[in-house]
Each structure stands twice: as structure tokens, then as C-alpha cells.
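Quick note: numbers below take in every heavy atom, side chains included, and nothing from hydrogens, waters or symmetry partners. Only a predicted model underlies this, so the values are computations on that prediction, with no experimental measurement involved.
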Amino acid sequence: MRNEKVRVLLVEDDEDDYRLTRDAVESIGEAHSEIVWCSGFDEARDALTEQSFDVALISDRIGPKTGIEFLKAAKADGFDAPAILLTDHQDREMETAAGEAGVFDQLDKAELAPAVVERAIRIARANAATPRAPAERTVADRRFLPRANPGRRAGDTNTAGGIGVANELSDAEAEARPLLHLFLILLFSIAGLGLIWFGNARFAPLLFDVAAVEQVAATLASGSNYATFDLNINSRALRRAHIANLTETPDVAVMGASHWQEAHASLVPGRYFYNAHVHRDYYEDMLAVVEMFVSNNRLPKQLIITIRDNLFTPVADRTDFLWMPAIPDYREMAKRLKLPTHPWAETIPLPQIREGFSLANLHANAKRWFGAWVRPHETNVGKLETLDILLADGSISWSRRHDMLFTPASAREKALSFADQRRNDPPRIDPDGIVAIDRLLAFLRDRDVEVILAHPPFNPIFYDTLQGSPYMEGLERVKALTRNLAKKYRLHIIGSFNPHDLGCGAELYIDAEHANPKCLQKILDQYVALDLSVRSSSAPVN
């Protein structure tokens, strides 16, 4: 497979899940791989008629239809490559239906780590290449199907005339032996899981090794950068450790999601600018990051707080667990604000824990580690060929390999696909989230922190396509909520969901939401102009 080009069809209506699979797919065969992403049922069927694929990754829900319905239609069209179903849950009924439809394997979306995806594709292709009869393959190769009961050993049914030491055991010894076996099994299981966790921490330290995260944070706080395989890291743990290692308090910090990931300090000259973004933020993250600043006595006098479309998403509607590592900080700030917190059962990061104990992850992480020409390391450069870079100011720099993938054509395709996905899926607003942000703004006002609210602009292709849709109606509600908060606390708003207000063209985006530094500069220019205006108006008159 190393020298073959692997073509993968991904039928997935969630852009974030697409990003999680991309690096794993591209790593197969040392970049001899290609992924084609389709977010719609008909779009994916058209792709199958126009192109050939080695494997298909199919979401269990594709708009109003199911992934199993799509696979049945695809097989009717002649598709015969192995298919892997991506699910939000697994049950016996789904397993049965998937088996009947010819699904090779199922992956839980909550555990959709790149290592898991890479391994599933590799096994699916290997089994598809094995010359077996179709009927034999449908039973033996589907690892999620229930296995047959192996039955009892012949010797277990012999109740008379037994020969050997076992028949001479005393009753006490006979009762103790199963307990001893159970103890040994438990002991070896714990030892095995410990070794797996240790291996994952060794080969993917920024996901699983707290000590490694703290070491990288110290490197960043010292002014150096750090090169990493990719940005699939525990960004909240890194943010916590980075802020704890800061030797000075920033003049201004920006808080928000990965919209800001390329907002470098050079965009705000003359100020100590810190980028405190985390991937895919929710309102709990706003409380958590402020707590990180407060508890380390590093609270800036100016904070740019982003109000994005999904900031107030209720917990029950979230499809990821990325926000959970910041729960301890969120709880501490919630105590300060006298807010109730989520039940413990809702905030235990079980998917992250399972990833740490995943043998599939260990295999993929070790393979990547030992197969890499260049491994993660401290660096003073700002751009590398294959490794992304965590910069000392909290922002990131893509590798040249990633830059090559961010073409105008791919950005347009992703923007249109995401627009189709979100058209009838407006932002949801949790009233508890509104209360939490309101209390946070009051807390910051009482500490004389100047807050500027910000809206990140969308790709104009995405924004223009959704005009008049239910999604845009929901976005208007988020804008109205932002205006109400700004009015209540006398805050300024910079940026705009509408990219045309800022002059951010489609060429400045890598997908539907993430703009490059040229567009981010336009938002931060508004902050600088606003800051200068406020300073000028407050200056004493001679």
C-alpha cells in the first residue's frame, strides 16, 4: 500500500469530522492518497459514477437520509469497494442493518481519532484484497458483527471418569483457582492498558502527556516556537500551561475558536498581543480561559471576546468532546460567578480517555513517529515543510504541505458543502450560556478590563449562498444577542459575520470559516483604530 495511491470517498455532512479524518487519510502510503469529500446524498452518488474509490467512509446520517440507505443505493449503482460507517451511536439494530447492507466496519464519531480512521482504512483494504468468496467475506471480515458462541470444550462435558491432577484438587483449591485466574487476568489487563497509554503518550505527547504539554508551553513562553505533526492536540491543556508560564501580562488577548488561529502578534504592532484561541470553542471556554488568566495573575487589561455562531450551543446538541478538558477551569470561574455547573456525568471526557487506551491509536502514532523524517521539536523558524508550528504568541503556522492543500478550488468546495449542511441547521442558543457570558462580562467590568466583542467573518461563498435560509435567521439572533450585550455593558463590536463589510474575499479563506492573516488583519485594524480613538478621547486637553 505504500506505493499505491489510495482514493477515499468521505460522505459526511459535518465539516469538523471531515477535518479529523483528513490527516489520517493523507498519511496512508506517505502522501500517496486522495480524499474526495461529499456532504450530500446525491452529490456522493454522482461522485461514484464519475470516479473510482478504494474505500468509502459514510456518515450514518446524510441530511434526511441514512448512510445505510446511501450504501444500498451505491451498491445498486455498482460500487463494490469496502465501506465504513461513521456513527454517533451503535446498537444491535444498526449493526444488523449495516451487516445486511454490506458495511465492512463501524467507527464511533466520538472516537474519530486520525489513528483509528487510518487503521480502519488499512484493514478494510487489506481484507478487500483477500481472494475470498463474497458470502465468506460478509461474515468473517465485519469486525462489528456478533461473533458465534464458541461453545464449550469437549473436555468440559466429561462428568465421569476424569483423569489428572484437576480431579484431585481439594474443594478449597478448586474454589481458589478461578479467583487466582481472575486476578491474573485483571493484573495483566491493567499492565497492558498502562503500556498502551504510555505508548500513546510517548508518540502523541500533545494529546496524552501532561508533562510534555507543560514542557512545550514553557518553550513557547520562553519565546521559541514548537513544530508538531499536526494540530490535533489538546489545545486547552496547552493554553492552560502556556498562560501559567507567561512571565508578563499581555496588553491584549483575543479569545475565540480556531477562526483566530493565524492571528499573529505582528498584526497588532506596538502591543504585547496574546492569541488565546482554542479549537471549536463554546461559552464554557470563555469562562475557562478567563479563569486561566485570573488564577495566574495574568489577566490583560483588554480582551477581545469572540461571539460566534455556535458559541451558545446546548451541551445536548454538541457532537464533539474537545471542550471537556477545560471543564476544571470552567467550574472554578463558575464558582466565582455564582453559576450552576454541568453535572459531572456530562463532562467526563470518556472519548479522550478511550483514545489514550486505544491500541489502534498506538499503532498509528508509533508508525507516524518512526516513519517521520522530521519529528516534533523546538524551533526558531516560522514555516516548515511537513510540520505545523505552534508559535510563541499562541497562534499557529501551517506547514508548506498544508498550504499546498488550501487551494481556491478546495476552499470553494468546502464552503458550498458546509452551506448545504448548515442551510436548515440554524445556531442553537442555550439560555444558560447567555447568563454565563453576561456574568463574565460583569466580572471583567468590575476588574476594569476593557472588553471588545468580535464577530468572525465567513467565506463570502458560504455567506452569500445561505442568504434567506433558516441558518441566516439564526445568525441574526446571535447578532442581536451580541448587540444587547454590547449595549448593556457599553462595549464596542469589531468584525462582522458578513465578509463584505470587511473586504475579505474568498481568496483569503481555506474553507467556509477560517480566514488567513490578511483577513484577520482587517478585524484587528478595527481594534487598533478603536483603541487609538478611545485613548485620544481620554487624553487630557492642554
Side-chain angles (χ1 to χ4, degrees), residues 206 210-226 233-261 263-279 281-306 323 325-337 339 378 390-396 436-437 439-454 489 491 494 524 527-528 531 534-535:
L206 290 183
V210 174
V213 169
E214 292 178 349
Q215 183 177 358
V216 171
T219 296
L220 298 178
S222 71
S224 295
N225 302 327
Y226 190 82
I233 64 175
N234 188 339
S235 63
R236 287 153 178 84
L238 180 63
R239 190 65 59 223
R240 178 188 301 118
H242 193 180
I243 291 174
N245 277 275
L246 293 177
T247 57
E248 297 180 45
T249 300
D251 296 325
V252 58
V254 62
M255 295 167 48
S258 53
H259 305 85
W260 291 102
Q261 61 192 2
H264 312 310
S266 60
L267 302 183
V268 189
R271 292 167 178 79
Y272 178 11
F273 174 83
Y274 182 73
N275 190 327
H277 82 278
V278 293
H279 295 302
D281 70 328
Y282 297 108
Y283 66 84
E284 296 91 343
D285 288 307
M286 294 299 173
L287 274 64
V289 175
V290 170
E291 175 62 30
M292 295 173 194
F293 282 123
V294 171
S295 61
N296 290 287
N297 197 28
R298 289 289 177 262
L299 184 62
K301 281 300 182 183
Q302 290 184 322
L303 282 177
I304 300 173
I305 295 181
T306 306
W323 57 282
I327 286 298
D329 308 279
Y330 151 72
R331 290 187 183 280
E332 289 301 314
M333 179 52 66
K335 289 180 183 178
R336 296 179 189 270
L337 304 180
L339 290 169
E378 180 179 345
L390 303 170
L391 299 177
D393 58 20
S395 64
I396 67 100
I437 295 298
R439 296 269 186 93
L440 180 67
L441 294 176
F443 173 86
L444 294 171
R445 177 196 59 192
D446 293 343
R447 280 152 184 78
D448 296 324
V449 176
E450 181 185 354
V451 174
I452 300 96
L453 302 181
Y489 292 101
L491 307 177
I494 62 173
L524 292 174
Y527 154 73
V528 172
D531 185 52
V534 171
R535 292 185 185 212

*Close side-chain approach of Met333 and Met286, heavy atoms under 4.5 Å*: no
_Beyond-backbone contact of Val210 with Asn234, side-chain heavy atoms, under 4.5 angstrom_ = no
*asked:* I need the Met292 CE to Arg240 CZ distance, nearest 0.5 Å.
replied: 5.0 Å
*asked:* Looking at Phe443, I'd like to know if the NZ or CZ of Arg447 sits under 6.0 Å from its six-membered ring centre while staying within 45 degrees of the ring's axis.
replied: yes
*Check for a donor-acceptor pair, side chain of Asn275 on one end and backbone N or O of Ala263 on the other, with a separation under 3.5 Å.*
yes
_So, applying side chain to side chain contact (heavy atoms under 4.5 Å, CB included) with Leu390, which one of Asn225, Ile396, Thr219 is it?_
Ile396
*Heavy-atom closest pair, residues Ser258 and His279*: CB-ND1, 3.5 Å
*Rounded to the nearest 0.5 Å, how far apart are CG of Leu287 and CE of Met255?*
8.0 Å
*His264 versus Ser395, closest heavy-atom pair with distance*: ND1-OG, 2.9 Å
*Can you check whether Ala265's main-chain N or O pairs, donor with acceptor, with Asp393's side chain at less than 3.5 Å?*
yes
*State, with a plain yes or no, whether a side-chain heavy atom of Val213 is found less than 4.5 Å away from one of Ile233.*
no
*Please round to the nearest 0.5 Å and tell me the distance separating atom CG of Leu491 and atom CD of Glu450.*
9.0 Å
*So do the side chains of Val268 and Val254 get within less than 4.5 Å of each other, counting heavy atoms only?*
no
*Is the number of heavy atoms from other residues, nucleotides or ligands under 6.0 Å of Asp446 CG greater than 12?*
yes
*Any side-chain heavy-atom pair from Tyr274 and Ile243 closer than 4.5 angstrom?*
yes
_Those residues that, when tested against Thr306, pass side chain to side chain donor-acceptor pair (under 3.5 Å) (two or more places apart)_ = Trp260
*Please name the pair of heavy atoms, one in Leu220 and one in Tyr226, separated by the smallest distance, quoted to 0.1 Å.*
CD2-N, 4.0 Å
*asked:* As an exercise, state the distance from CD of Gln215 to CD of Glu378, rounded to the nearest 0.5 Å.
replied: 9.0 Å
*Pairing residues for Ala326 by the side chain to side chain contact (heavy atoms under 4.5 Å, CB included) criterion, not counting sequence neighbours*: Arg236, Asp285, Ala288
*Heavy atoms only: give me the nearest Asp281-Ala257 pair and the separation to one decimal.*
OD1-CB, 3.0 Å
Let me check something: any side-chain donor-acceptor pairs from residues 244-251 under 3.5 Å, sequence neighbours excluded? List them with distances.
{"from": "Asn245", "atom 1": "ND2", "to": "Ala241", "atom 2": "O", "distance (Å)": "2.7"}
{"from": "Asp251", "atom 1": "OD2", "to": "Tyr272", "atom 2": "N", "distance (Å)": "2.7"}

*Say you draw a straight line from OH of Tyr527 to CZ of Phe273; how long is it, rounded to the nearest 0.5 Å?*
8.5 Å
*Output the distance between atom CD (Glu291) and atom CZ (Arg331), rounded to the nearest 0.5 Å.*
13.0 Å
*Shortest non-hydrogen separation from Arg439 to Leu337 and the atoms involved*: NH1-O, 2.8 Å
*For residues Arg239 and His277, report the shortest heavy-atom separation together with the two atoms involved.*
NH2-O, 2.8 Å
